[in-house]
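These notes are about the structure you will find just below.
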Amino acid sequence: MSFVRLPESPIACRNLVGGEWVLPRDVQRLEVRSPYTGEVIGHVPMTSEAGVAQAVEAARAASVGWRAMPLRERTTLMARFRALLESHLERLSHLAASEAGKTVAEARAGLLKGLEVCDFALSLQNLDTGGALEVSRGVSCEFRREPLGVVAGITPFNFPAMVPLWMIPTALTVGNAFILKPSEKVPLTACALGELLVEAGLPPGVFSVVHGGREAVEALVAHPEVRAVGFVGSSAVARRVYAEGSARGKRVLALGGAKNHLIVVPDADVGLTTQAVVDSFTGCAGQRCMAASVMLAVGDVQHIVDQVLERASRLECGAGMGALIDQASRTRLEAAIDAAQKAGARVALDGRGKKPAGERWANGHWLGPTVLDGVRPDMEAAQRELFGPVLSIVRVPTLSAALEVENASPYGNAASIFTTNGAVAQAVVEGARVGMVGVNVGVPVPREPFSFGGTGESKFGHGDITGVASLGFWTDLKKVTRKWSSRTDGSWMS
Ligand code: NAD
C-alpha cells in the first residue's frame, strides 16, 4: 500500500528574496523528514535576523510599484497564479502530504480551500469595498482601502498549503508585498507556492519566503517596515507574537490552538453523528485546529458511543488518517494517554503501538485512534490541546451542563451539536462561546466568503484571517472628506 508519493530526492530549500532563490550564509540547516517514513526529504535554512532584514528591504522596495499597479493588472497576475495552483494540484497535494504526514486527500482539500480564497481575492475588483456618500451640499465622504506596504504571514506545520493560502491571495491582490515564514517542519510546499507565484509573473520582491524558526519570527515581528502580521500556530506562540507585534504598533491577528467540543444528545442521528465524530477526531491524525477532541455525551448516548468505538476501531493507521508530525509528538501523546489513565479515565480504544503494515512505514510516527472514556472536565485530557487522534468522552447529565463545560474552556475555536431538534441546536448556536459553531457537522469550517476564526485563546486580535473581514486586516481604511469651491474661474464652465 502506498499512501503518498515522497520527493524523489531531498529538496534544498532556499529563501525567495527580491525574486531570487538564495541560501542565507552562516546559518544552521535542519533536515526535513517525512512523518510517513522518517526519510530525509529536504533541508531548511534557519534564517537569522540579517536574512530577514534583507527580505523585508526587498519587499519594501517592491511594494511601491506593486501598489501603483492597477488592481485589474494585479488581479490578472493572481488569476494566473490560481490557474497554476490548479494545474499543480496533485503534485502539491503529495508534497504537502509527504512533509506534514497528512493524507493526500486532506492535503488536496486544503489546496481546494486555497483556490476558494483565490476566488474571493479575484472578485475584489467587482466588490463594492468602500462607499461614498454626500454628507452635505458640496461635501462628500468616502472610504479608500489602501494597502499597508509590507505584511508577513507565519504559518504552522499542519496545513503547509492551506494556511499560507488563507492569507496570500487577498493580501497580495489588495496591493501588499507579502513575506511568508512557513513552519520549519514543512518548508517544501512553501517553496513550491513561491515558484508558482514567480511563474505567474509577480514582480520580484512582491512575494518572499524566509525559512526559519523563532529568530526569524522575532525579527519579522520586530521589523519596523512590517506593518501587519498574520500568525497561525499554537496559543503560547500566538499570544507572544500578538503581544510583541501589538506593542510595536503593528496590526496582528494571531490564531492559536483549540479544544473543540462535539455535544451529542440522545436524539442525535446515529449514523451521521458516528461518522462525523470519528472523521473529526481521526482526520489528519487529529492534527487539525478544528479536530474534535472532546465528545460531551449528554444523558444516555451509549448507543452512539458504541458505534463510535466500533467505527474507529476499524480505521487503519496511515490510510485514512496520516501520520503524526514527529516522534516528539508521539511521545507527548502517549504520555497524555498514560496520565489520563492514571487520573481515572478508561482507555476504551487504544491506538498505542498501532502502525501500518509494511517495512516502508516502520520509521514513521504512528498512533491509532484512541478513545478515553469517563474523562472528567478537570482532567488534562479534557482541557489541554493534545493534537493527535485522541477523543476524550466527558459524560454530562444535561445540555446546560455540556455548555458549561464547553464555555469553561479557555479556547474558543469551534463546537458542534448533534441533534434532530432545532431548538436544541439553536440553544448551542446561541450559547457556545466559540468563533465557529456546527450543527450536525464534525468540522464546522465555513466556506468563503464566510470568514474563518475562533475566539478566546484560539484567536488574539480582531477581524478574521479570510473572507470579507480579512479586507480590513490587510488594508488601511482611509476616510476622505471633499469640498470643492463653487467659484468658477472661466467662461468654459457654463
Ligand atoms: P507552533 O506554534 O509550534 O509554530 C507555528 C509557527 O511559529 C511556525 O512557523 C514556527 O516556526 C513558529 N514558532 C514556533 N515556536 C516559536 C517561538 N517560540 N517563537 C516564535 N515563533 C515560533 O505551531 P505548530 O506546532 O506548527 O502548529 C500546530 C498548532 O497550530 C496547534 O496548536 C493548532 O491548533 C494550531 N493551529 C491553529 C489554527 C487556527 O486556525 N486557529 C490552524 C492551524 C493550526
Side-chain angles (χ1 to χ4, degrees), residues 13 28 30 32 35 44-47 49 52 96 99-102 106 110 113 117 152-167 179-187 189-190 209-222 229-245 252-260 283-293 324-326 328-329 332-333 384-388 409-414 434-436 443-446 451-461 463-467 470:
C13 294
Q28 194 191 3
L30 300 184
V32 182
V44 59
M46 300 298 279
T47 310
E49 189 182 349
V52 169
E99 63 178 347
K102 55 210 299 124
E106 171 88 13
K113 176 74 182 180
V117 181
I154 299 161
T155 54
F157 81 80
N158 64 331
F159 284 100
M162 183 183 81
V163 171
L165 289 171
W166 279 352
M167 309 185 211
I179 301 176
L180 174 64
K181 205 304 284 171
S183 164
E184 65 277 30
K185 295 177 184 170
V186 295
T189 309
V209 181
V210 287
H211 295 287
R214 181 176 182 158
E215 186 177 350
V217 169
E218 288 179 350
L220 276 171
V221 172
V229 177
F231 173 92
V232 182
S234 58
S235 290
V237 184
R239 177 190 285 280
R240 198 166 330 128
V241 165
Y242 178 74
E244 286 169 12
V252 184
L253 186 55
L255 273 54
K259 193 77 186 170
N260 305 313
C284 214
Q287 298 165 118
R288 284 183 189 141
C289 66
M290 293 297 278
S293 46
L324 298 174
I325 185 70
D326 51 22
S329 174
R332 180 178 47 74
L333 283 159
R384 196 158 58 89
E385 181 181 44
L386 300 182
F387 224 52
S409 171
Y411 298 106
N413 216 35
V434 290
M436 293 168 280
V443 183
V445 174
S451 305
F452 181 96
T455 185
E457 302 249 330
S458 298
K459 186 176 81 177
F460 301 90
D464 278 319
I465 201 85
T466 66
S470 69

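We count ligands from 1, going down the list as the structure has it; atoms in each ligand are counted the same way.
Atom 34 (O) of ligand 1 has E385 OE2, 2.6 Å as its closest protein atom, hydrogens excluded (heavy atom only). Closest protein heavy atom to atom 13 (N) of ligand 1: V237 CG1, 4.1 Å. The closest protein non-hydrogen atom to atom 19 (N) of ligand 1 is R214 CG, 3.4 Å. Looking from atom 41 (N) of ligand 1 to the surrounding protein, the closest heavy atom is G256 O, 2.8 Å. The closest protein non-hydrogen atom to atom 23 (O) of ligand 1 is S234 N, 3.5 Å. The shortest contact between atom 7 (O) of ligand 1 and any protein heavy atom is with F231 CE1, 3.3 Å. From the protein, the heavy atom lying nearest to atom 27 (O) of ligand 1 is P156 CB, 3.3 Å. Of all protein heavy atoms, the one lying nearest to atom 44 (C) of ligand 1 is N158 OD1, 3.3 Å.
Per-residue contacts place F452 under 4.0 angstrom from the following atoms of ligand 1 (heavy atoms of the residue considered): 40 (O). In the vicinity of E184, heavy-atom distances shorter than 4.0 Å reach the ligand 1 atoms 10 (C), 11 (O). Per-residue contacts place W166 under 4.0 angstrom from the following atoms of ligand 1 (heavy atoms of the residue considered): 40 (O). Near V217, meaning under 4.0 Å from one of its heavy atoms, ligand 1 places the atoms 20 (C), 21 (N).
Under 4.0 Å is where a charged nitrogen must lie from a carboxylate oxygen, and between E218 and R214 at least one such pair does.
In this structure, S235 and F460 approach most closely via the heavy-atom pair O-CE1, 3.8 Å. Counting all heavy atoms, side chain and backbone alike, A254 lies closest to A238 at CB-O, 3.4 Å. For the residue pair A414 and M290, the shortest heavy atom distance occurs at CB-CE, 3.6 Å. The nearest pair of heavy atoms linking A100 to F157 is CB-O, 3.6 Å.
Using a 4.5 Å heavy-atom threshold, the side chains of I465 and L253 count as touching. By the 4.5 Å heavy-atom criterion applied to side chains, P182 and T189 are not counted as neighbours.
In this structure, K102 forms a cation-pi arrangement with F159, its terminal cationic atom sitting closer than 6.0 Å to the ring centre and no more than 45° off the ring axis.
Counting only non-hydrogen atoms, the option in C289, A190, S293 that gets closest to atom 38 (C) of ligand 1 is C289. Counting heavy atoms only, G233 comes closest to atom 35 (C) of ligand 1 of the residues G233, G212, A414.
Of the N or O atoms in I154, none lie within a sub-3.5 Å distance of an N or O in ligand 1. When only interatomic distances are considered, the shortest N/O to N/O separation between R288 and ligand 1 does not fall below 3.5 Å.
Counting protein heavy atoms under 4.0 angstrom from atom 4 (O) of ligand 1 gives zero.
No side-chain N or O of E385 forms a donor-acceptor pair with one of S293 less than 3.5 Å apart.
Of all the heavy atoms of R240, the ones lying under 4.0 Å from any atom of ligand 1 belong exclusively to the side chain. Under 4.0 angstrom from ligand 1, there are no non-hydrogen atoms of E218.
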Exercise. Begin from the C-alpha positions of L220 and V229 and carry the test side-chain contact (heavy atoms from CB on, under 4.5 Å) through to its verdict.
Key: CA-CA 8 Å; L220 276 171; V229 177; 5.8 Å; no
Quiz item: Do F387 and I325 pass the side-chain contact (heavy atoms from CB on, under 4.5 Å) test, and can you show the C-alpha distance, the side-chain angles, and the key distance before you say yes or no?
Solution: CA-CA 10 Å; F387 224 52; I325 185 70; over 6 Å; no
Practice problem: Start with the C-alpha gap between V232 and M167, add the side-chain angles, then the distance that decides, and say whether side-chain contact (heavy atoms from CB on, under 4.5 Å) holds. | Solution: CA-CA 10 Å; V232 182; M167 309 185 211; 3.9 Å; yes
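The closest approach between a heavy atom of S183 and any atom of ligand 1 is below 4.0 Å.
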